[in-house]
Number of protein chains: 2
Amino acid sequence: MELPPNVLSQSCASRRYLALVASKWSLLVINALDDGPARNSFLMRKVGGISQKILTQTLRDLAAASLVSREDHGTLPPHVTYRLTPLGQSFRREVRSLIAWVEGNMPALRGAEPDQH
Amino acid sequence: MELPPNVLSQSCASRRYLALVASKWSLLVINALDDGPARNSFLMRKVGGISQKILTQTLRDLAAASLVSREDHGTLPPHVTYRLTPLGQSFRREVRSLIAWVEGNMPALRGAEPDQH
DNA sequence: AACAGTACGCACTTTTTGGTGCCTATGAAC
DNA sequence: GTTCATAGGCACCAAAAAGTGCGTACTGTT
C-alpha cells in the first residue's frame with residue numbers, strides 16, 4: 001500500500017526534500033557546480049555573499065541527499081573537491097530551468113518591489 | 001549598457017526574486033493554485049501545515065511580484081479569491097516540474113536523511 | 001621567521017521566519 | 001440572541017537560519 005508522494009501533505013517526506021533542495025543557497029551552490037568539480041574557496045568566490053559556514057552546511061546537506069559528492073584528498077593543507085553526482089546533474093537541469101525563468105522574467109517581476117517585512 | 005541578470009552575483013536583483021519565488025511556501029501555494037482561483041480558507045486546508053499568517057504573507061508577496069492576483073469582492077463577510085496571473089501560470093510550469101522531480105526522485109534522495117541542525 | 005592559504009569546527013550573536021492568540025464587522029444558521 | 005464563518009491585521013513570543021570571529025595543523029612563499 002504505497003501512497004504517492006504529495007508535497008501538499010504536511011507529513012509527506014517529499015516536503016522536507018523540497019525545502020532542502022529548493023532553498024536559496026542550495027540552488028545557488030548547485031548552479032555554481034555547473035562547470036564541474038570545485039573547491040570550497042572557489043565556490044566562496046563564485047557564489048557572491050555566501051559565508052563559509054553556510055557554504056559548508058549547504059554542501060554537507062546536499063551530500064547527505066546524494067546530490068553532490070565530497071572528495072577529500074586527505075592532504076595537508078586540505079584539498080577537498082565537490083562535484084555533482086548523476087542525481088545532482090539531473091536536478092541541475094531543474095535548477096537551470098528555474099533560474100533561467102527568473103532571469104528571463106526580471107522585467108515582468110520588476111516594478112512591484114517585494115515587501116520588506 | 002545592460003548587464004545580463006546573474007543570480008550568482010550578490011547585487012543582482014534576480015537573487016531576491018529567486019529567493020521569493022523559490023521559497024518553500026511560495027512553491028506550495030503556487031502548486032495549490034493549480035486548479036484555478038481559490039479562497040483563503042480553501043488554501044489553508046489544501047496546503048498542509050501552513051498558518052494563516054504565512055499564507056496571507058505569501059499571497060501578498062506573490063501578488064506584489066505579479067504572480068497571483070487578488071480579487072476582493074468587497075462583501076461582508078469577506079469574500080476574496082486568488083488566482084495565478086499569466087506570469088504565475090508560466091512560473092507554475094517550473095514549479096510543477098520541480099515538484100515532480102522531487103516526488104519522482106524520493107527513493108534516490110531517501111536513505112541519507114537530511115541532518116537536523 | 002613571519003605570513004597567507006586551505007577547509008573546516010565551534011561558540012556566540014543577530015536576523016529572519018514562523019506560531020499564537022486576540023481583534024474586526026457582518027450575515028446566516030440555530 | 002448566541003454562535004460560526006469569513007479574511008485578514010496586529011502584537012507578542014519561540015524557533016530557525018544566518019553572520020562573525022576564533023582556532024587548527026600544516027605547506028609554500030617571501
Side-chain angles (χ1 to χ4, degrees), chain A residues 8 10-11 15-29 32-33 37-65 68-83 113-117, chain B residues 7 10-11 15-29 32-33 37-65 68-83 113-117:
Chain A
L8 289 180
Q10 192 177 2
S11 54
R15 177 76 69 93
R16 286 185 303 121
Y17 291 112
L18 182 67
L20 160 67
V21 119
S23 89
K24 174 182 150 191
W25 294 120
S26 294
L27 293 176
L28 295 178
V29 167
L33 282 169
R39 303 179 64 173
N40 180 309
S41 54
F42 174 78
L43 292 170
M44 278 284 279
R45 267 173 265 122
K46 191 160 180 186
V47 182
I50 199 169
S51 72
Q52 176 61 71
K53 176 182 164 183
I54 296 302
L55 176 58
T56 302
Q57 201 173 85
T58 303
L59 287 168
R60 186 153 40 95
D61 290 348
L62 291 174
V68 312
S69 66
R70 191 191 120 105
E71 289 157 53
D72 187 339
H73 301 220
T75 59
L76 263 169
H79 185 97
V80 181
T81 55
Y82 300 91
R83 74 177 69 228
E113 287 297 304
D115 292 351
Q116 250 64 265
H117 306 297
Chain B
V7 276
Q10 192 177 3
S11 55
R15 178 75 70 91
R16 287 186 301 122
Y17 291 111
L18 181 67
L20 160 67
V21 117
S23 90
K24 174 181 149 192
W25 293 121
S26 294
L27 292 176
L28 295 176
V29 167
L33 282 169
R39 303 180 64 175
N40 181 310
S41 54
F42 173 78
L43 292 170
M44 279 282 281
R45 267 173 265 120
K46 192 160 181 187
V47 181
I50 198 169
S51 72
Q52 174 61 70
K53 176 182 164 181
I54 296 301
L55 176 57
T56 303
Q57 200 171 86
T58 303
L59 287 168
R60 187 153 39 94
D61 290 348
L62 291 174
V68 313
S69 67
R70 191 191 121 103
E71 288 158 54
D72 187 338
H73 300 220
T75 60
L76 264 168
H79 185 96
V80 181
T81 54
Y82 299 91
R83 76 177 67 231
E113 287 297 303
D115 292 351
Q116 249 62 266
H117 307 298

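Only heavy atoms go into these numbers, but all of them, side chains included; no hydrogens, no water, no symmetry mates. Below, chains carry the letters A, B, ... as their sequence lines are ordered, and counting in each starts from 1. Quantities reported herein were computed from a predicted structural model and do not represent experimental measurements.
Applying the 4.0 Å criterion to OP1 and OP2 of dG18(C), one finds that W25(B) has a side-chain N or O inside that range. Within the structure, a side-chain polar atom (N or O) of R70(B) is placed less than 4.0 Å from OP1 or OP2 of dG8(D). Between dA5(D) and S41(B), no contact under 4.0 Å exists linking OP1 or OP2 to a side-chain N or O. A close approach under 4.0 Å does occur between a side-chain nitrogen or oxygen of S51(B) and OP1 or OP2 of dG19(C). Dashed line: the shortest gap from a side-chain N or O of T56(B) to OP1 or OP2 of dG8(D) is not under 4.0 Å. Close to dT6(C), at under 4.0 Å from its OP1 or OP2, lies no side-chain N or O of R39(A).
Between the P atom of dA18(D) and the CZ atom of R15(B) lies a distance of 12 Å, rounded to the nearest Å. When rounded to the nearest whole Å, the span between CD of Q10(B) and P of dA18(D) equals 14 Å. Residue Q52(B) contributes atom CD, which lies 17 Å from atom P of dC23(C) at whole-angstrom precision. Note: CD1 (I54(B)) to C1' (dA16(D)) measures 12 Å, nearest angstrom. Rounded to a whole Å, the CG atom of L55(B) is 15 Å from the C1' atom of dT17(C). The interatomic distance linking L28(A) (CG) with dA18(D) (C1') rounds to 14 Å, in whole Å. In this structure, H73(A) atom NE2 and dT6(C) atom P are separated by 14 Å, rounded to whole Å. Atom CD in Q57(B) sits roughly 15 Å away from atom P in dA11(D) (whole-Å rounding).
Both P77(A) and N40(A) lie close to DNA chain C; mapped to their nearest nucleotides by heavy-atom distance, the more 5′-ward contact belongs to P77(A).
At least one donor-acceptor pair under 3.5 Å links the side chain of S26(A) to the backbone N or O of L20(A). A distance-only check finds a donor-acceptor pair linking the side chain of T56(A) to the backbone of Q52(A) [under 3.5 Å]. Formation of a donor-acceptor pair under 3.5 Å by the R15(B) side chain with backbone atoms of V7(B) is found in this model.
Side chains of L18(A) and L28(B) form a contact here, defined as non-hydrogen atoms less than 4.5 Å apart.
Across all their heavy atoms, L55(B) and I50(B) have their closest contact at CA-CD1, 3.7 Å.
Here the nucleotide nearest the side chain of K53(B), chosen from dG19(C), dC12(C), dG8(D), is dG19(C).
Less than 4.0 Å separates DNA chain C from no heavy atom of any residue of residues 42-49 of chain A.
Scanning for side chain to side chain contact (heavy atoms under 4.5 Å, CB included) contacts around E71(B) gives S69(B), H73(B), T81(B), R83(B), with sequence neighbours left out.
In this structure, CZ on R39(A) lies 13.5 Å from CE on M44(A), to the nearest 0.5 angstrom.
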